[in-house]
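The sequence lines fix the lettering, A, B, ..., with proteins before strands; numbering per chain opens at 1. These values consider heavy atoms only, across backbone and side chains, with no hydrogens, waters or symmetry-generated copies.
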Protein chains: 2
Amino acid sequence: MPVSVNHSDVPRAASEQPRRATMRDVAALSGVSIKTVSRVINGVASVSDELRDRVTRAIVQLDFQPNLAASSLRRTDGATRQIALLLENVANPFSATLSRAVEDVAREHGTLVFAGSLDEDPRREMELVRAATLHRVDGILLVPAGRDHGYLHREIRNGTPVVFADRPPRGLAADAVLATNAEGAREAVLHLADHGHTEIAFLGDEHLISTATERLAGYRAALAERGLPERPGRVVWDLPDPESAARAVARMLDSADPPTALFTAQNLVTIGAIQTLQERGLHREIAVVGFDDFPMADLLMPRVTVVAQDVMRIGALAVRRLFERIAGDTSPPREERVPTTLIVRGSGEIPPR
Amino acid sequence: MPVSVNHSDVPRAASEQPRRATMRDVAALSGVSIKTVSRVINGVASVSDELRDRVTRAIVQLDFQPNLAASSLRRTDGATRQIALLLENVANPFSATLSRAVEDVAREHGTLVFAGSLDEDPRREMELVRAATLHRVDGILLVPAGRDHGYLHREIRNGTPVVFADRPPRGLAADAVLATNAEGAREAVLHLADHGHTEIAFLGDEHLISTATERLAGYRAALAERGLPERPGRVVWDLPDPESAARAVARMLDSADPPTALFTAQNLVTIGAIQTLQERGLHREIAVVGFDDFPMADLLMPRVTVVAQDVMRIGALAVRRLFERIAGDTSPPREERVPTTLIVRGSGEIPPR
DNA sequence: CTGTTAGCGCTTTCAG
DNA sequence: CTGAAAGCGCTAACAG
């Protein structure tokens with residue numbers, strides 16, 4: 001570990017600081033056994049008012065704070081009251097919202113949450129899972145980056161439950177809470193078709209991510225349902241960021257047979273597409289429906305029609321499931337689906353030229 | 001704790017699972033003492049290749065994962081390799097970006113980070129600080145909600161360093177990493193003045209937050225510098241969300257003497273202001289410069305001129321400082337300021353009518 | 001209702 | 001270079 005810090009030469013650390021008070025100190029000061037202190041701390045009823053009082057006073061006087069790690073080390077259930085939340089990137093809106101949902105539920109359970117960003121890197125996923133288990137988290141909530149989760153078998157067997165959110169597990173049976181990706185995509189594309197479009201493009205992110213696959217399936221289902229052909233070059237994916245999405249849209253527009261409507265299957269893809277449309281002054285000519293809402297979508301001109309995911313709900317359901325597992329639920333793994341909502345704002349209702 | 005989970009009646013939990021391997025198991029399997037295992041785990045050089053090899057093999061075979069909590073319990077420095085990051089709301093862009101910066105630096109130190117949202121609630125700040133110390137975090141990075149941090153003295157003295165980010169400590173001497181709020185605001189308002197505006201309004205968030213105060217000071221400094229008067233009703237704050245900001249702008253526009261330019265001193269305020277301007281079709285008439293950049297600012301029409309904070313840098317400097325404290329730095333607390341940058345995009349260059 | 005003893009999994013100290 | 005014993009701060013399992 002490269003901890004080359006640049007400070008005064010005095011190495012010291014714990015030596016100078018007055019030791020933190022322990023249960024022993026509290027016991028000594030209040031003249032009871034350490035076990036009685038433990039009882040008071042843990043709210044066990046069978047303590048006389050008088051002793052409870054003396055102990056409480058000593059706790060305040062010494063500013064005693066029980067050491068949670070020490071207690072969970074000895075406890076039968078071994079609970080640490082920590083969970084890990086591993087996701088794409090805490091800085092992106094989807095992950096950030098999920099994170100908040102998780103935090104809120106965790107708080108109800110008196111549990112702190114470690115947040116970790118995977119950056120779509122499977123290796124990083126394994127590293128962070130390992131870090132989490134070294135810290136003996138009570139459970140892991142995972143928006144996976146990797147495509148094989150067999151390695152999690154061991155962790156689960158060792159007593160660390162894992163619940164998946166947004167993307168399903170592969171090579172592993174585990175709980176998952178997902179959006180209705182295919183249905184949402186289908187609805188988006190039907191919406192475009194119903195506004196007269198026959199030339200609808202699909203633009204998606206990393207094709208190995210299951211959400212992309214499901215959304216493409218929804219796109220195709222909608223085309224088939226309306227008897228529309230899927231033209232070559234109309235489906236593009238592996239667009240990891242707005243820039244590549246912007247370029248992809250530019251290429252499409254430059255082609256012999258440009259689309260009149262775009263279904264952008266992910267947040268950042270939507271943003272990149274809009275960028276190009278704006279640059280070319282086509283934002284009022286070409287229809288766009290995006291998958292997943294994003295901040296400011298209703299301040300752009302035209303306002304952006306999207307199929308919104310209920311991210312807070314996905315997060316909340318997933319942590320709830322996790323806490324059920326932590327509490328000892330051993331029922332077979334379940335997959336839950338959270339429905340999407342079409343939000344009509346303008347960009348998706350532009351008719352074809 | 002309301003943990004009413006809805007699962008099968010079997011309460012069980014730890015009982016059924018095969019116990020996790022411990023150092024003792026590894027020692028037994030490899031026929032060495034537990035201490036030697038400890039040495040191998042901690043990379044102590046003085047172990048013969050042969051023993052190291054046997055131990056390593058046993059570790060793999062048993063899938064042994066050292067218990068970090070147990071080790072830090074006994075360790076002299078007591079480090080838990082966890083820090084807490086307490087901020088406004090993990091879901092908002094500023095906090096989310098800060099969070100990412102902190103995570104990246106923490107990773108270099110092999111440290112996990114607890115993220116917690118305070119929602120501008122001082123009570124919640126104290127609760128989460130306490131939760132963090134119960135978990136014996138190595139340090140706390142705080143974007144404070146409260147206005148008196150005297151209570152942190154105890155924690156610091158007990159050995160938990162605290163570093164402030166974005167907002168300074170009050171009633172406590174502690175490290176802080178802040179933006180150059182006054183200077184940035186001054187630059188924004190001078191920019192508007194230099195485009196011919198004399199009627200410039202200030203719109204800010206919660207006035208008790210120090211950043212708001214500093215930005216107002218910058219606004220006033222700029223007015224004074226250009227010899228412009230501060231008209232009554234031109235300064236409005238305590239705008240906690242876009243909606244109230246939108247209403248405040250509407251009221252100003254309806255007044256007898258509406259401004260020709262707005263300096264919006266915070267993210268959400270900027271967004272609310274733009275909403276109202278768009279609704280009234282005034283977004284190309286009235287100039288806006290916002291403090292703090294936001295996603296999509298360059299996709300709106302007109303694109304939004306802002307004074308951007310270097311949030312990643314604020315976060316990175318703050319955690320670095322925290323890790324220095326954790327490493328034992330006892331030098332006097334320092335305040336660092338991170339400069340802002342004016343990003344010219346269009347909305348701030350609209351001339352007065 | 002209260003206390004004693006042992007020991008969670010690991011590192012420290014101190015002997016070989 | 002290796003190991004035995006003690007103990008971090010706390011709770012479990014028994015006594016009384």
Side-chain angles (χ1 to χ4, degrees), chain A residues 13-15 17 19-55 58-59 62-81 133-136 138 158-159, chain B residues 13-15 17-55 58-59 62-81 133-136 158-159:
Chain A
S15 49
Q17 335 186 11
R19 214 175 38 78
R20 238 185 247 269
T22 72
M23 276 198 180
R24 253 236 283 291
D25 303 324
V26 175
L29 181 60
S30 47
V32 299
S33 83
I34 179 179
K35 178 73 232 204
T36 299
V37 177
S38 170
R39 290 200 178 93
V40 171
I41 296 285
N42 291 292
V44 175
S46 67
V47 178
S48 72
D49 288 358
E50 132 121 56
L51 287 195
R52 178 184 309 283
D53 211 64
R54 260 159 52 198
V55 169
I59 287 174
L62 296 173
D63 185 29
F64 168 69
Q65 297 187 298
N67 183 327
L68 223 60
S71 101
S72 63
L73 183 60
R74 193 62 181 85
R75 274 204 144 81
T76 327
D77 65 2
T80 58
R81 310 211 146 253
T133 58
L134 290 181
H135 282 266
R136 295 293 189 269
D138 294 334
N158 277 337
Chain B
S15 50
Q17 338 186 10
R19 214 175 39 76
R20 239 184 247 269
T22 73
M23 275 197 179
R24 253 237 282 292
D25 303 323
V26 175
L29 181 61
S30 47
V32 300
S33 83
I34 179 180
K35 175 71 232 203
T36 298
V37 178
S38 170
R39 289 199 179 93
V40 172
I41 296 284
N42 293 292
V44 175
S46 67
V47 178
S48 71
D49 287 357
E50 132 119 59
L51 286 195
R52 178 183 311 282
D53 212 64
R54 257 157 58 197
V55 169
I59 287 174
L62 296 174
D63 185 29
F64 168 69
Q65 297 188 298
N67 184 326
L68 223 59
S71 100
S72 63
L73 182 60
R74 192 63 180 86
R75 274 207 144 79
T76 324
D77 65 2
T80 57
R81 310 213 148 251
T133 58
L134 290 181
H135 283 267
R136 295 294 188 271
N158 277 337

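Among the nucleotides D:dT11, C:dT2, C:dT11, the one closest to the side chain of A:K35 is D:dT11. Among C:dT4, D:dC1, D:dC10, the nucleotide with an atom closest to any side-chain atom of A:S33 is C:dT4. Checking C:dT2, C:dC10, D:dC10 against every side-chain atom of A:A70, the shortest atom distance belongs to D:dC10. Proximity note for A:R74 (side chain, C-beta onward) versus C:dT2, C:dT11, C:dC8: the nearest is C:dC8. Closest to the A:S71 side chain, of the nucleotides D:dT2, D:dC10, C:dT4, is D:dC10.
If you take CG of A:N67 and C1' of C:dG9, they are 14 Å apart, rounded to a whole angstrom. In this entry the distance linking CG of A:L134 with P of C:dG9 reads 15 Å, nearest Å. For the pair B:L51 CG and D:dG3 P, the computed distance is 6 Å after rounding to whole Å. Per the geometry, CD belonging to A:Q65 stands 11 Å off P belonging to D:dC10, to the nearest Å. Rounded to an integer number of Å, the gap from CZ of A:F64 to P of D:dC10 is 4 Å. Per the geometry, CG belonging to B:L73 stands 12 Å off P belonging to D:dT11, to the nearest Å.
Crowding of A:D49 atom CG: a count of heavy atoms from other residues, nucleotides or ligands under 6.0 Å not exceeding 12.
Distances shorter than 4.0 Å separate none of the side-chain N or O atoms of A:T36 from OP1 or OP2 on C:dC1.
Rounded to the nearest 0.5 angstrom, B:Q65 CD and A:N158 CG are separated by 6.5 Å.
A donor and an acceptor atom sit less than 3.5 Å apart, one in the side chain of A:R39 and one in the base of C:dG3. Judged by atom type and distance alone, B:R20 does not reach the base of C:dG9 through any side-chain donor-acceptor pair under 3.5 Å.
Take the nearest nucleotide of DNA chain D for A:V37 and for B:I34: the residue whose nucleotide is more 5' is B:I34.
Counting only heavy atoms from C-beta outward, the side chains of A:I59 and A:I41 approach each other to under 4.5 Å.
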